[in-house]
Asker: 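Have a look at this one before I ask anything.
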Amino acid sequence: MEVTETISIVPTAAVLGAEVCGVDLAHLADDAFRRIDAALSQYGMLFIRNQDITVEQQIAFAKRFGGVEPNVNQQACLPGYPEVLVVSNVRENGRLIGVSDAGITWHTDQSSYPRPPRCSVLYAKEVPVADDGTVLGDTIFSSAAAAYDALPGEIKTRLQGRRASHSYMGRLLARKKAVGLTREIPADHAQKMPLMWHPLFRTHPVTGRKSIYVTEGECTSIEGIPDDEALALIAQLHQLVTEPRFHYRHRWQRGDVIMWDNCTCQHLAVRDYQEDQRRLMYRVSVDGSVPF
Ligand code: SIN
């Protein structure tokens, strides 16, 4: 455990993740923020319990990590806050107030973009609870860095320097196949979102640590490798990244703020709750850099 005056960073028992204790995000000193910033690169995922912050304070906190842009899915943003994506199963007047299917297959955010976000900051306003009091709707994180470390040397050597194509449509179709999508995929999405090529093994811009940057379904090919062989390799890498030994499973509490580093981990939102079990989260994503 590392401790400064008030803040402490307490690693989880898993291979990634840490709890940040002793901070109030409504009044965060610069030196405490620097500790959080460094810890995010080191641990890949952080959580802070018992926060009571306004949406402006959430945006201001996210902006300390980097630029914050309007979310591409404006229909699901908080009215008046184009950078705040509402992640929720709540309906008002029969209509969903946000995205109800965010993160329901393993992924790293917006990897089909030229500059995927560095991190996302998610704030729990309401969490679903079963009749027996069990909290539902956990989020599981998996360390793609630990998975890279576990890869056999000959696969690392063979695939080093190669790139995989990331397809936005591929992700949506995989999601549709896995659990059913609650919204239609607009017909023009395929043209608007061309394939994006990123390294199979991504290097963290701060720590230099390598991670596997591949998701099955979303990744559709590997340059220089025939498609049937490439798809088998993508499936193999994906299976390794999502093995339980690399997981930290977050059991939410109302008032949690969590953030994850999109270079070193993948995540999955567990959809084990019903329509009447309300889940309401606000998500702000922070600009990232071109993967290398
Ligand atoms: C996401 O992947 O952005 C959402 C994660 C969650 O709702 O748990």
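Start at 1 and go down the list; that is how both ligands and their atoms are numbered. Note: hydrogens, waters and symmetry copies are ignored here, and every other heavy atom, side chains too, is used. Numbering starts at 1 and runs along the sequence shown.
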Asker: Please could you name the atoms of ligand 1 that Gly103 approaches to less than 4.0 Å, counting only its heavy atoms?
Answerer: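 Listed by number with element: 2 (O).
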Asker: Applying a strict 4.0 Å limit to heavy atoms, is His250 in contact with ligand 1?
Answerer: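 No, His250 has no heavy atoms under 4.0 Å from ligand 1.
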Asker: Is the closest basic N to carboxylate O distance between Lys210 and Asp149 below 4.0 Å?
Answerer: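 Salt bridge between Lys210 and Asp149, a charged N being under 4.0 Å from a carboxylate O: no.
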Asker: Spell out, as yes or no, whether a donor-acceptor pair under 3.5 Å connects the side chain of Asp261 to the backbone of Tyr43.
Answerer: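 Not confirmed, Asp261 side chain does not pair with Tyr43 backbone.
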Asker: Is any side-chain heavy atom of Leu200 closer than 4.5 Å to one of Tyr213?
Answerer: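 With C-beta onward as the side chain, the pair stays apart.
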Asker: Closest non-hydrogen protein atom to atom 8 (O) of ligand 1, residue and atom name please, with distance?
Answerer: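 It is Thr139 OG1, 2.5 Å.
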Asker: If you count the atoms of ligand 1 from 1 in the order shown, which ones are under 4.0 Å from a heavy atom of His107?
Answerer: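 Counting from 1, the qualifying ligand atoms are 2 (O).
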Asker: Within a distance under 4.0 Å of any heavy atom of Val87, pick out the atoms of ligand 1 and give their elements.
Answerer: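 Listed by number with element, the hits are 7 (O).
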Asker: Could you tell me whether Arg279 and ligand 1 have an N or O pair separated by under 3.5 Å?
Answerer: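 N/O-N/O distance under 3.5 Å: yes.
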Asker: Just wondering, are more than 12 heavy atoms of other shown residues or ligands nearer than 6.0 Å to CD in Glu92?
Answerer: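 Check fails, neighbour count at 12 or below.
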Asker: Okay, side chain of Glu229, backbone of Pro226: is any donor-acceptor separation there less than 3.5 Å?
Answerer: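 Not a single qualifying donor-acceptor pair exists.
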Asker: Do ligand 1 and Asp138 have nitrogen or oxygen atoms that lie under 3.5 Å from each other?
Answerer: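 No, no N or O pair falls under 3.5 Å.
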Asker: Would a line drawn from the ring center of Phe65 to the ring center of Phe33 be shorter than 6.0 Å?
Answerer: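 Aromatic pair counts; centres sit under 6.0 Å.
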Asker: Does ligand 1 have an atom under 4.0 Å from some heavy atom of Arg283?
Answerer: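 So Arg283 counts as touching ligand 1.
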Asker: Test your reading of the structure: does His267 have an N or O sitting under 3.5 Å from an N or O of ligand 1?
Answerer: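 Yes: some nitrogen or oxygen of His267 is under 3.5 Å from one in ligand 1.
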Asker: Do Thr264 and His204 have a side chain donor and acceptor closer than 3.5 Å?
Answerer: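 Their side chains do not contain a donor-acceptor pair, so the 3.5 Å distance test is not met.
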